[in-house]
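First the structure, in the form of structure tokens, and then the observations on it.
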Amino acid sequence: MFRQASRLLARTTTPWRRSRSFSSDVPATPAQDSSFIESWSKVIPNLDPPKTPSSFMTPRPATPSAIPSKLTVNFVLPYASELSAKEVDMVIVPATTGQMGVLPGHVPTIAELKPGILSVHEGNDVTKYFLSSGFALIHANSVADIIAVEAVPVDRLDPALVQKGLADFTQKLGSATTDLEKAEAQIGVDVHSAMNSAITG
């Protein structure tokens, strides 16, 4: 019975897999549902039909046939945009799997970010930011969207405050009694250790 189950599951899921389109197959311009618009006009002729989220999105840029010479970077925080459509040579992001360098033509990727340094390379100039966490979305058209919870230029970190914070959270971790207190203290230790490495390294 179990031997047949895997074969039956494979048979039932195969057509679904074949019919499902990949995200790259989505048309650049969303198609409107004409039957819905027609029904809406009959019921409420004096109001415009509601707009869906896809109505507010700009069409996806085409994937270039050749690898561009520059990487376009968008770097945003919840309260500010640090970089907007900036063309650079390379960025290095602190992914949870390790430091990840992104050049033009990089394979599309979504990476979770850990506390660490984001390096933006533009010619001989390197700008470094300390990130607390976030995500990096690398698109096929050589655009990198970096979304961080908190970020600050490395040269604005105060070494004395970082050392004090590291000592405080290390002490809290040692005296924590509940799982919640241990988790909060461990996050504090990890972030302050990463900040300390960013300053000294």
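Side chains are part of it too, since the values below use all heavy atoms of this structure and drop only hydrogens, waters and symmetry mates.
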Taking only distance into account, with no hydrogens and no angle test, what donor-acceptor pairs under 3.5 Å do side-chain atoms of residues 160-169 form with protein atoms, sequence neighbours excluded?
| unit_1 | atom_1 | unit_2 | atom_2 | d |
| --- | --- | --- | --- | --- |
| Gln163 | NE2 | Asn196 | OD1 | 2.7 |
| Lys164 | NZ | Asp168 | OD2 | 3.1 |

About how many Å separate [atom2] of [Y] and [atom1] of [X], when rounded to the nearest 0.5 Å?
X      : Y      : atom1 : atom2 : value
Asn141 : Leu71  : CG    : CG    : 10.0 Å
Leu173 : Ile187 : CG    : CD1   : 11.0 Å
Asp48  : Ile37  : CG    : CD1   : 9.5 Å

Q: Taking Asn74 for its side chain and Ser84 for its backbone only, find out whether a donor-acceptor pair lies under 3.5 Å.
A: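 No; zero donor-acceptor contacts below 3.5 Å.
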What about [X] and [Y], same hydrophobic cluster or not, with Ile/Leu/Val/Met/Phe/Trp/Tyr joined at side-chain heavy-atom distances under 4.5 Å?
X      : Y      : value
Met100 : Val88  : yes
Leu131 : Val191 : no
Val91  : Ile147 : no
Phe135 : Val76  : yes
Ile92  : Tyr129 : no

Work out which heavy atom in [X] is nearest to a heavy atom in [Y]; give both atom names and the distance.
X      : Y      : answer
Phe130 : Leu157 : CB-CD1, 4.1 Å
Phe75  : Ala148 : CE1-CB, 3.9 Å
Pro104 : Asp89  : CD-O, 3.4 Å
Glu181 : Thr177 : OE1-N, 3.0 Å

Q) Would the number of heavy atoms belonging to other residues, nucleotides or ligands and lying under 6.0 Å from CD of Gln99 be above 12? A)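 It does: Gln99 CD has more than 12 such atoms within range.
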Q: Would you indicate whether Leu47, at its atom CG, is surrounded by more than 12 heavy atoms from other residues, nucleotides or ligands within a distance under 6.0 Å?
A: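 Atom CG in Leu47 is crowded, with more than 12 foreign heavy atoms closer than 6.0 Å.
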Q) Taking only residues two or more places apart in sequence, or in another chain, which ones meet Ser175 in a side-chain contact (heavy atoms from CB on, under 4.5 Å)? A)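 Counting only residues at least two positions away or on another chain, Ser175 forms no side-chain contact (heavy atoms from CB on, under 4.5 Å).
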Under 3.5 Å donor-acceptor pairs involving side-chain atoms of residues 105-128, not counting sequence neighbours:
| unit_1 | atom_1 | unit_2 | atom_2 | d |
| --- | --- | --- | --- | --- |
| Thr109 | OG1 | Val107 | O | 2.9 |
| Glu122 | OE1 | Lys86 | NZ | 3.2 |

